[in-house]
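Taking it in order: structure first as structure tokens, then the write-up.
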Amino acid sequence: MASRALLSRHSLPFFRFYSCYFPALFHFTPSPLRYIVYPFHRVQRIHLYCSLAHQQLDEIAQPELSCFNNTIHRLSHRRSFSEVLLVYVTILRNGHLPNGLTLPCILKACTALPALFFGCAVHAHIIRLGFEAATFIQNGVIVMYSRFGEISTAHKVFDLLSLRNVVSWTSIMSGYAQNGFPLEALHIFRTMRLDSPIIPDFIALVSVLKAYIDVGDLDQGRCVHGLVVKFGLEDEPDLLITLTSLYAKCGQVNTARSMFDQVFSPELILWNAMISGYAKNGHADEAVELFKKMVARKVRPDSITLRSAILACAQVGSLEAAKWIWEFVSNSELKDDVFVNTAIIDMYAKCGSVVLARRVFDNIPQKDVVVWSAMIMGYGLYGQGKEAISLFHEMIQSQVRPNDITFIGLLSACKHAGLVHDGRKYFYLMRNHGVEPRHQHYACLVDLLARAGHLEEAYEFIKGMPMAPEVTVWGALLNACRIHGQVELGKYAAERVFAIEPWNAGHYVQLSNIYASAGLWKDVARVRVLMRERGATKAMGFSSIEINGKLQSFYAGDKSHPRSKEILAMTDELERKLKKSGFLPHMDSVLHDLGPEEKELSLCNHSERIAMAYGLICTPPGTTLRITKNLRACVNCHSASKLISKLVEREIIVRDANRFHHFKDGFCTCGDYW
DNA sequence: TTAGGGTTAG
């Protein structure tokens with residue numbers, strides 16, 4: 001048998017040398033003499049399926065190696081990788097030795113399937129056949145081990161390679177990047193530039209750019225862009241895609257867009273890079289607009305495009321846009337894609353329609369843990385804690401195992417609904433389901449306990465945490481101290497929070513509000529000075545409202561809208577109506593130490609009130625108003641909105657930074673718990 | 001005549 005003849009030609013020291021470098025190749029074989037045939041010796045009969053390539057082979061009595069190689073290449077081209085491996089076994093059994101044309105294809109098949117066990121054996125064959133210095137073949141070995149996550153083995157192969165070309169360097173570099181080690185990938189690129197005469201080609205530059213995107217280093221990415229220009233590769237379409245992605249992901253969407261616009265007829269992957277870049281950087285409107293443009297140009301979106309566009313719609317919070325994309329998905333071939341459908345559930349939940357989210361959920365035949373978790377999270381956002389819990393039990397009954405995300409959904413649903421008892425119960429049940437609580441779970445429970453007034457219990461719970469409490473934990477305690485007017489504990493929590501995020505003005509505002517409620521004006525002034533000294537800034541609050549599918553945004557005290565006079569008249573009217581029905585403004589919601597009248601004025605100028613007024617003048621009676629706010633709703637606006645919903649007989653749905661508030665007949669679905 | 005890369009991540 002040829003394989004045995006081959007083995008006898010090689011010495012044992014050779015085997016020992018390689019076995020210390022690549023133990024995985026040898027651990028399954030009791031004797032080096034057996035290992036080359038090991039994966040195949042049990043294959044008694046080769047089942048040649050009905051492929052034409054095989055039939056042709058069968059017709060030849062004694063096929064030459066070149067015939068086998070032709071067959072392998074044809075099968076590889078058709079991506080019939082299992083059959084490629086079967087032909088390889090046939091080659092060995094027919095007494096042939098694979099050559100330099102056979103092996104790269106076999107490695108590719110092992111990588112694609114994936115078949116690590118088979119791949120290790122093929123690597124052993126490569127060594128035995130004396131191809132250890134064949135760069136072309138060894139590059140394939142590097143890629144194979146990288147794809148299997150065996151990056152250190154891949155690196156050993158790379159180290160032993162005497163002649164490395166640009167593909168060898170790119171293979172090991174991208175291997176590191178793909179295995180989550182972008183810094184190592186960049187180190188390899190630097191070594192290549194400094195220690196070798198190799199000039200990077202466009203694929204090498206794409207790989208290094210990807211690594212810089214992963215570490216978020218725009219400056220270094222720009223340097224690589226300089227190299228691209230230096231090598232005259234700026235028109236290379238694949239580099240344009242990666243450069244667009246670099247600028248988009250690093251927040252430079254305008255630069256990204258100018259690169260995108262250079263291409264007359266962008267291919268799908270470039271559309272995806274730009275749309276997802278917009279969606280990820282808070283430019284949701286542009287993402288949706290670009291997606292519509294793409295559809296109008298008859299470019300067929302794939303699952304990635306749809307997920308990015310759906311994410312953008314979820315961020316916009318526009319139900320009209322959400323319905324539009326859902327209709328688009330329903331008419332596309334991706335209507336049964338479970339990933340796309342889960343994104344739709346998430347989007348509907350975030351756009352304020354838990355009913356539509358549930359409809360999509362019910363239509364998914366095979367629900368995995370993420371589908372269930374998305375729906376549980378949706379109920380939670382909407383304050384429907386009991387529904388979330390009942391869905392959780394349904395999920396368990398369906399034999400789907402919950403994961404840590406499921407419990408974040410469940411606990412935050414309990415939190416939004418104030419279900420303290422249930423929250424506690426499910427937190428301690430997590431381990432029974434094989435899920436170890438992470439920091440986020442602890443933060444959720446602290447928030448739940450503290451909001452409900454169990455401040456001491458929350459504090460004790462924090463002290464017992466097995467990890468260092470982060471800002472979310474102390475922030476939750478601080479917020480609860482504001483709600484319950486706990487000055488001392490609030491002061492302590494604020495100190496912890498300031499130590500972690502001294503630049504975040506929101507925390508200073510919280511402490512200041514605690515002092516203001518207690519009438520400690522000197523302390524209020526002190527916090528304000530501290531805030532200024534540390535250069536803390538607060539995000540400008542704004543609210544958006546969708547009218548006839550078009551979003552209109554307003555800042556606090558905004559007078560820039562062309563219909564500003566009418567809006568002002570409506571806010572005044574609302575204020576009059578509120579006063580007439582006995583509404584007392586919550587002065588604590590104002591940080592500034594203003595006089596009572598100025599305070600009132602400042603409160604009714606909050607952005608959501610202006611958006612509401614605009615909605616009222618633009619829509620017929622009875623229309624539901626849908627408002628999105630970038631910050632949390634303040635106590636005053638929340639109370640006023642409840643009453644306004646009754647006074648003007650409208651349903652008002654407000655999505656704040658945290659959750660939904662559905663105001664109807666003087667009540668809110670959150671039950672004043674947020 | 002066969003290798004390496006880029007879009008996402010519910």
Side-chain angles (χ1 to χ4, degrees), chain A residues 66 69-70 72-74 76-77 84 98-109 111 134-144 146-147 154 158 164-175 177-178 185 188 198 200-211 213-214 236-246 248-249 256 260 266-277 279-280 301-311 314 334 337-347 349-350 360-361 364 367-375 377-378 403 405 409:
Chain A
S66 58
N69 282 347
N70 281 339
I72 281 177
H73 286 131
R74 269 206 298 276
S76 177
H77 193 71
V84 167
N99 65 11
L101 294 178
T102 326
L103 291 162
C105 259
I106 305 303
L107 286 169
K108 188 178 169 185
T111 309
T135 307
F136 206 103
I137 295 171
Q138 295 292 6
N139 288 345
V141 178
I142 294 171
V143 172
M144 182 190 76
S146 300
R147 297 278 163 84
F158 176 79
R164 297 165 192 154
N165 62 14
V166 70
V167 179
S168 325
W169 286 95
T170 311
S171 302
I172 190 65
M173 181 167 66
S174 55
Q178 285 160 1
I188 301 228
I198 305 281
D201 63 0
F202 79 96
I203 297 182
L205 291 173
V206 162
S207 308
V208 72
L209 273 170
K210 174 71 170 64
I213 292 173
D214 289 346
E236 178 59 56
D238 296 347
L239 266 168
L240 257 170
I241 291 167
T242 317
L243 283 168
T244 305
S245 177
L246 165 81
K249 279 197 180 154
F260 176 86
E267 57 177 301
L268 177 64
I269 202 163
L270 181 57
W271 287 99
N272 287 352
M274 196 62 233
I275 293 170
S276 71
K280 279 278 176 70
D302 66 358
S303 163
I304 294 173
T305 333
L306 288 179
R307 271 136 73 184
S308 302
I310 293 166
L311 174 73
L334 289 156
D337 184 305
V338 73
F339 279 70
V340 171
N341 277 302
T342 315
I344 296 269
I345 292 174
D346 180 64
M347 172 188 72
K350 285 180 179 153
V360 177
F361 174 84
I364 301 178
K367 300 177 186 69
D368 68 7
V369 60
V370 193
V371 175
W372 288 96
S373 304
M375 195 62 232
M377 191 77 88
N403 64 15
I405 308 288

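- Which of dA9(B), dT7(B), dG4(B) sits closest to the side chain of V167(A) comes down to dG4(B).
- Separation of atoms OG (S146(A)) and CE (M173(A)) is listed at 11.5 Å; rounding is to 0.5 Å.
- The side chain of I203(A) has dG4(B) as its nearest neighbour among dT2(B), dT7(B), dG4(B).
- Spacing between atom CD1 of I269(A) and atom P of dA9(B) amounts to 14 Å, rounded to whole angstrom units.
- Within the 4.0 angstrom heavy-atom criterion, no nucleotide atom of any strand lies near N69(A).
- Here R147(A) lies in heavy-atom contact (under 4.0 Å) with sugar-phosphate atoms only.
- Taking the side-chain hydrogen bond (donor to acceptor under 3.5 Å, both in side chains) definition, one finds that S207(A) meets it with nothing, sequence neighbours left out.
- Between the side chain of S171(A) and the base of dG4(B) there is no donor-acceptor pair of N/O atoms closer than 3.5 Å.
- Counting non-hydrogen atoms under 4.0 angstrom, G100(A) reaches a base of the nucleic acid.
- Taking the side chain of D368(A) as heavy atoms from C-beta on, and the options dT8(B), dA3(B), dG10(B), the nearest nucleotide is dG10(B).
- To the nearest 0.5 Å, atom CE of residue M375(A) and atom CZ of residue F361(A) are 7.0 Å apart.
- Whole-Å rounding puts the I106(A) CD1 to dT2(B) P distance at 15 Å.
- We find that CG of L107(A) is positioned 10 Å from P of dA3(B), with the value rounded to whole Å.
- Among the nucleotides dG4(B), dG6(B), dA3(B), the one closest to the side chain of V166(A) is dG4(B).
- Contact annotation: K108(A) side-chain N/O to dA3(B) OP1/OP2 distance is under 4.0 Å.
- Residue contacts for A343(A): at a heavy-atom cut-off of 4.0 Å it reaches the sugar-phosphate backbone alone, with no base atom in range.
- Stacking is found between F136(A) and the pyrimidine-like six-membered ring of the dT2(B) base under the 5.5 Å centre-distance and 30° plane-angle cut-offs.
- Taking atom CE of residue M173(A) and atom C1' of nucleotide dA3(B), one finds them 14 Å apart after rounding to whole Å.
- Among the nucleotides dA9(B), dT2(B), dG10(B), the one closest to the side chain of P104(A) is dT2(B).
- Of the listed nucleotides (dG10(B), dG4(B), dT8(B)), dG10(B) has the atom at the smallest distance from the side chain of V371(A).
- Using a 4.0 Å cut-off, no side-chain N or O of S207(A) falls inside it from OP1 or OP2 of dG4(B).
- Note that NZ of K249(A) and OG1 of T242(A) are 10.0 Å apart. Values are rounded to the nearest 0.5 Å.
- Counting non-hydrogen atoms under 4.0 angstrom, V143(A) reaches the backbone sugars and phosphates but no base.
- For K210(A), the salt bridge (charged side-chain N to carboxylate O under 4.0 Å, His left out) partners two or more places apart in sequence, or in a different chain, are D214(A).
- Distance, K249(A) NZ to dT7(B) P: 5 Å, rounded to whole Å.
- No donor-acceptor distance shorter than 3.5 angstrom exists from the side chain of W271(A) to the backbone of T305(A), with no hydrogens or angles considered.
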Side chain to side chain contact (heavy atoms under 4.5 Å, CB included) evaluation trace for I106(A) with V84(A)
CA-CA 7 Å; I106(A) 305 303; V84(A) 167; 3.7 Å; yes
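- Residue V338(A) places its side chain closer to dG10(B) than to any other of dG10(B), dT7(B), dG4(B).
- When distances run from any side-chain atom of R307(A) to the nucleotides dG6(B), dT8(B), dG10(B), the shortest one goes to dT8(B).
- Distances from the side chain of N70(A) to the nucleotides dG6(B), dG10(B), dT1(B) place dT1(B) closest.
- Nucleic acid contact for Q178(A): sugar-phosphate only, since backbone atoms but no base atoms lie under 4.0 Å from a heavy atom of the residue.
- Residue D201(A) contributes atom CG, which lies 13 Å from atom C1' of dG6(B) at whole-angstrom precision.
- dA3(B) atom P lies 20 Å from atom CZ of F158(A), rounded to whole Å.
- Side-chain proximity of S308(A) to the nucleotides dT8(B), dG10(B), dT7(B) is greatest for dT8(B).
- One interatomic measurement links the two molecules: CG of L103(A) to P of dT1(B), which rounds to 14 Å at whole-angstrom precision.
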